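Just so it is clear, the structure is predicted and the values come from calculations on it, not from any experiment.
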Amino acid sequence: MHIWPPAVHNKAMEHTWTKTNKLFQNFLKCGTAGWCLEILFTSVDSILTHDWRLMGRTSLLMFPIYGLGALLGPIGKWIDRWLDEGIWEMKPQQKGKELALRHGMIDMVLIFCAEYLFGFWLRRLGICPWDYSGRPTNVNGLIRLDFAPLWFMTGLLFEGITGKERWKRRFQKEPLM
């Protein structure tokens with residue numbers, strides 16, 4: 001008889017299983033949150049066209065793309081270790097502002113990169129659900145630079161919903177290890 005999840009034989013396997021399970025849960029959280037945000041955002045678009053039904057829209061293809069937001073926290077944590085610039089000696093309030101600004105910028109760039117790469121790939125397959133070609137700040141119709149503040153905040157939101165304990169640890173005196 002097979003047991004799932006597999007029996008844990010040692011601490012390293014247990015740690016790997018726990019991390020993988022947590023990452024999958026965070027993938028689901030980010031995918032769902034991204035879908036909800038997109039539906040809300042696109043329903044606001046209908047106000048501009050005087051469609052008071054506020055119909056939002058998204059694509060099934062967007063779920064895994066938004067789900068990758070689960071990687072923003074771990075990537076930010078890795079960059080924090082790499083960039084350690086004395087931020088850990090700052091007062092907690094100042095440290096929190098510095099980390100939020102740093103992570104917001106990192107998240108924004110990563111989201112732009114993912115949006116561009118996935119858009120390019122999906123366009124080649126003929127199934128890209130977005131096209132920004134008619135917008136003044138578009139880059140090859142795949143990203144809109146005026147979305148920078150939205151991606152900044154979305155990245156912080158994704159980090160917040162996937163790693164509350166990580167953000168609490170950031171205010172401790174010791175750096176994350």
Side-chain angles (χ1 to χ4, degrees), residues 18-48 54-85 87-88 90-122 128-132 135 137-139 142-172 175-176:
T18 302
K19 288 281 191 186
T20 304
N21 191 26
K22 184 70 173 166
L23 186 61
F24 180 70
Q25 289 174 7
N26 288 339
F27 178 86
L28 295 176
K29 287 178 188 178
C30 288
T32 304
W35 260 355
C36 292
L37 287 172
E38 186 165 351
I39 290 169
L40 289 171
F41 185 77
T42 57
S43 69
V44 170
D45 220 17
S46 61
I47 292 173
L48 301 174
L54 301 178
M55 300 294 288
R57 62 192 176 282
T58 189
S59 166
L60 289 175
L61 297 171
M62 297 307 296
F63 188 87
I65 295 171
Y66 284 121
L68 290 174
L71 299 175
L72 294 174
I75 291 170
K77 182 179 175 181
W78 178 79
I79 291 173
D80 282 341
R81 288 182 188 162
W82 184 59
L83 287 179
D84 189 8
E85 302 168 335
I87 198 168
W88 307 109
M90 293 181 180
K91 294 179 183 175
Q93 187 177 19
Q94 185 181 6
K95 184 189 328 180
K97 289 177 184 176
E98 282 288 324
L99 285 172
L101 180 63
R102 177 191 292 179
H103 282 250
M105 296 298 285
I106 292 166
D107 296 345
M108 178 188 66
V109 169
L110 290 172
I111 291 170
F112 270 136
C113 290
E115 184 180 27
Y116 189 90
L117 292 172
F118 277 103
F120 183 80
W121 179 58
L122 292 172
C128 187
W130 68 90
D131 182 9
Y132 301 130
R135 306 297 180 157
T137 61
N138 84 85
V139 176
L142 297 173
I143 61 173
R144 286 180 56 179
L145 298 178
D146 59 327
F147 281 3
L150 298 171
W151 294 141
F152 182 97
M153 296 306 294
T154 300
L156 291 178
L157 173 69
F158 284 175
E159 282 200 50
I161 64 175
T162 61
K164 291 178 182 144
E165 65 280 347
R166 183 174 53 250
W167 280 99
K168 287 178 187 173
R169 285 191 310 240
R170 291 196 198 286
F171 293 101
Q172 294 174 350
L176 295 172

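- Phe41 is listed as a side-chain neighbour of Leu150, based on a closest heavy-atom distance under 4.5 Å.
- Here Ile75 contributes atom CD1 and Ile106 contributes atom CD1; the two are 9.5 Å apart, rounded to the nearest 0.5 Å.
- Here the side chain of Thr32 pairs no donor or acceptor atom with the backbone of Lys29 at under 3.5 angstrom.
- Ile161 is listed as a side-chain neighbour of Leu157, based on a closest heavy-atom distance under 4.5 Å.
- Asp107 and Leu156 get closest at one heavy-atom pair: OD2-N, 3.6 Å.
- The shortest distance between side-chain heavy atoms of Lys22 and Gln25 falls below 4.5 Å.
- Here the side chain of Thr162 pairs no donor or acceptor atom with the backbone of Asn26 at under 3.5 angstrom.
- Here the CH2-CE distance, from Trp151 to Met108, works out to 12.0 Å after rounding to the nearest 0.5 Å.
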Passes side-chain contact (heavy atoms from CB on, under 4.5 Å), Ile143 versus Trp130? Steps please.
-> CA-CA 9 Å; Ile143 61 173; Trp130 68 90; 5.8 Å; no
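- Between Ser43 and Leu54, the shortest heavy-atom contact is CB-O, 3.2 Å.
- Taking each heavy atom of Tyr66 and Phe158 in turn, the nearest pair found is O-CE1, 3.7 Å.
- The side-chain heavy atoms of Leu68 and Pro64, taken from C-beta on, include no pair separated by under 4.5 Å.
- With sequence neighbours excluded, no residue forms a ring-ring contact (aromatic ring centres under 6.0 Å, His included) with Phe118.
- Atom OG1 of Thr42 and atom CG of Leu37 lie 10.5 Å apart (nearest 0.5 Å).
- Distance check, rounded to the nearest 0.5 Å: CD of Glu159 to NE2 of His103 gives 5.5 Å.
- Within 6.0 Å of the OH atom in Tyr116, the count of heavy atoms belonging to other residues, nucleotides or ligands exceeds 12.
- Residues Asn138 and Asp131 are not in side-chain contact: their nearest non-hydrogen atoms beyond the backbone lie 4.5 Å or more apart.
- Using a 4.5 Å heavy-atom cutoff, the side chains of Arg102 and Leu83 are in contact.
- Across Cys30 and Gly69, no two heavy atoms sit closer than the pair SG-C, 3.6 Å.
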Test Val139 against Leu145 for side-chain contact (heavy atoms from CB on, under 4.5 Å), laying out the working first.
-> CA-CA 8 Å; Val139 176; Leu145 298 178; 4.1 Å; yes
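- Between Ile65 and Glu115 there is no side-chain heavy-atom pair separated by less than 4.5 Å.
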What's the verdict on side-chain contact (heavy atoms from CB on, under 4.5 Å) for Leu142 and Phe112, showing C-alpha distance, side-chain angles and the deciding distance?
-> CA-CA 9 Å; Leu142 297 173; Phe112 270 136; over 6 Å; no
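- Between Trp35 and Leu60, some side-chain heavy-atom pair lies under the 4.5 Å cut-off.
- Here the closest heavy-atom approach between residue Ser46 and residue Met55 is recorded as OG-N, 3.7 Å.
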